[in-house]
There are 2 protein chains.
Amino acid sequence: MSLDYAILGFLNYHPYSGYDLKKVLDVSVRHFWNADQSQIYRTLARLTDAGYVNMEMVEQSQRPDRKVYHITSTGHSALLQWLSGPPPLGSTHSGPMVQVFFMSALSDAEILRQFEGYAHIMRSVLAQYDQVPQQVENVYQDVQSPRERFFWLLTLDSGLRTMRANLEWAEAAIKKMKAGQIPVDKEQK
Amino acid sequence: MSLDYAILGFLNYHPYSGYDLKKVLDVSVRHFWNADQSQIYRTLARLTDAGYVNMEMVEQSQRPDRKVYHITSTGHSALLQWLSGPPPLGSTHSGPMVQVFFMSALSDAEILRQFEGYAHIMRSVLAQYDQVPQQVENVYQDVQSPRERFFWLLTLDSGLRTMRANLEWAEAAIKKMKAGQIPVDKEQK
DNA sequence: GAGACATATTAGACTTATCCTATATAAGAT
DNA sequence: ATCTTATATAGGATAAGTCTAATATGTCTC
């Protein structure tokens with residue numbers, strides 16, 4: 001459901017086509033929302049039915065025609081109401097944590113290898129965060145007002161802090177493991 | 001897809017019915033996986049079709065009959081393979097971050113109120129984490145081997161660290177806002 | 001001039017998840 | 001007596017997300 005409002009949010013900045021939205025979403029909010037291209041088109045159709053957006057056909061001679069979507073005043077109100085409402089917490093689903101929870105079934109060596117893999121992924125994600133600001137400078141020029149920028153930076157900061165906490169967690173776990181602190185069950189060979 | 005392995009993981013500890021699994025999941029892994037009851041039954045049916053679990057009918061005179069599920073050797077291998085494979089990162093979806101990203105459309109007062117709401121929720125989640133260990137002591141006695149416990153505690157530690165990082169983020173944001181650091185756009189009234 | 005790549009939209013099949021509800025039984029409370 | 005809670009399973013409807021690929025055109029490179 002938040003995809004509806006992510007799209008409304010962008011259309012509130014500027015009119016976009018489905019194709020534009022995919023690019024803009026990928027560049028700006030990828031760190032907390034990944035949008036499937038075909039889901040974007042379906043959502044646009046739904047938002048049109050709901051009267052939250054209007055479609056404008058823009059003919060192009062050299063390329064396929066674009067369908068550019070504009071937010072309506074109904075859509076604008078709906079966005080504001082959602083923004084000031086409770087956070088959409090939804091359902092918690094962390095696949096990696098499921099893996100960790102049942103990891104006792106693996107050998108100590110395999111477990112250590114898994115955690116080093118985790119730490120490696122987390123470090124590379126942290127490295128990617130450094131590049132996001134520049135990418136936005138180049139591609140995503142409609143959300144550049146200082147006020148909008150402030151909140152975009154807040155989401156980036158949240159991602160950074162969370163990922164740093166995750167990495168510290170993985171490193172602390174590895175340290176414990178290397179100190180031989182994984183308990184061994186009796187039936188374990 | 002991780003629900004499949006969460007269920008396999010528990011059946012690897014002990015045979016359970018769908019009803020048991022719902023309770024066990026709610027008590028132990030709720031902080032990173034919330035399972036819909038009817039989804040559990042559907043998943044058990046799917047796992048049975050796949051040959052990963054077997055169903056055993058247990059007749060009861062006073063109550064409806066139980067269908068107790070046992071993991072098969074095929075299921076056991078599948079679990080081990082999944083556990084030693086790459087972390088199921090899946091798709092990133094954070095509704096709250098969508099809210100923050102587009103929050104510039106609200107007034108400064110509403111924004112501050114939203115963030116204080118966030119911080120409040122985060123504090124109460126942190127308080128709930130303290131109660132989880134006791135609940136597990138009481139209800140969830142099959143996952144009590146020291147080795148299994150070690151990994152259960154690791155998932156708890158991850159949740160704690162993440163939530164603490166989130167709270168620090170919200171508090172830092174509130175501080176900035178109170179210091180009048182939210183930029184104001186020209187067209188803003 | 002062949003092939004790769006970028007632009008631009010959309011459909012179809014499939015999987016997964018969520019919500020609500022129905023069914024049945026019995027214990028315990030008010 | 002009735003209401004709630006607990007035990008136990010499951011179906012229908014809807015929503016949401018994923019994967020794949022079809023359609024159409026222009027540019028750029030080798």
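Just the heavy atoms: all of them, side chains too, but no hydrogens, waters or symmetry mates, feed the values below. Lettering follows sequence order; numbering is per chain, from 1. Every value quoted in this text rests on a predicted model; they were computed, and no experiment measured them.
At distances below 3.5 Å, at least one donor-acceptor pair connects side-chain atoms of Tyr41(B) with backbone N or O atoms of Tyr19(B).
Between Asp20(B) atom CG and dA6(D) atom C1' the separation is 13 Å, expressed in whole Å. In this entry the distance linking NZ of Lys22(A) with C1' of dT18(D) reads 11 Å, nearest Å. Atoms OH (Tyr41(A)) and C1' (dG12(C)) sit 16 Å apart, rounded to a whole Å. Protein atom NZ of Lys67(B) is 8 Å distant from nucleotide atom C1' of dA10(D), rounded to whole Å. What separates CG of Leu21(A) from P of dA8(C) is a distance of 13 Å, to the nearest Å. Here the P atom of nucleotide dT16(C) and the CG atom of Asp49(B) are 13 Å apart, to the nearest Å. One atom, CG of Leu44(A), and another, P of dG17(D), lie 14 Å apart when rounded to the nearest Å. In this structure, the CG atom of Leu25(B) is 13 Å from the P atom of dA17(C), given to the nearest Å.
Judged as a ring-ring contact (aromatic ring centres under 6.0 Å, His included), the pairs with a partner in residues 162-185 of chain A (not counting sequence neighbours) are, in order, Phe115(A)-Trp169(A).
Remark: Gln37(B), Ser38(B) in residues 31-38 of chain B come within less than 4.0 Å of DNA chain D through at least one heavy atom.
Under 4.0 angstrom from either OP1 or OP2 of dG17(D) there lies no side-chain N or O belonging to Ser91(B). For Tyr19(A) and dT9(C), the shortest distance from a side-chain N or O to OP1 or OP2 is not below 4.0 Å. At least one side-chain nitrogen or oxygen of His93(A) sits closer than 4.0 Å to the OP1 or OP2 atom of dT18(C). Note on Ser17(B): a side-chain N or O is less than 4.0 Å away from OP1 or OP2 of dT9(D).
Partners of Lys175(A) according to the salt bridge (Lys or Arg N to Asp or Glu O under 4.0 Å) rule, which considers only residues two or more places apart in sequence or in another chain, do not exist here. Residues satisfying the ring-ring contact (aromatic ring centres under 6.0 Å, His included) criterion with Tyr5(A), sequence neighbours excluded, are Trp82(A). With sequence neighbours left out, the salt bridge (Lys or Arg N to Asp or Glu O under 4.0 Å) criterion links Asp36(B) to no other residue. Lys22(B) meets the salt bridge (Lys or Arg N to Asp or Glu O under 4.0 Å) test with Asp26(B); sequence neighbours excluded.
Taking only distance into account, the side chain of Arg42(A) meets the base of dT18(D) through a donor-acceptor pair shorter than 3.5 Å.
Between Ile121(A) and Pro87(B), some side-chain heavy-atom pair lies under the 4.5 Å cut-off.
Checking dA8(C), dT16(C), dA8(D) against every side-chain atom of Arg46(B), the shortest atom distance belongs to dT16(C). When each of dA8(C), dA17(C), dA10(D) is scored by its nearest atom to the side-chain atoms of Arg66(A), the top-ranked nucleotide is dA8(C). Taking the side chain of Gln39(B) as heavy atoms from C-beta on, and the options dT16(C), dA8(C), dT18(C), the nearest nucleotide is dT18(C).
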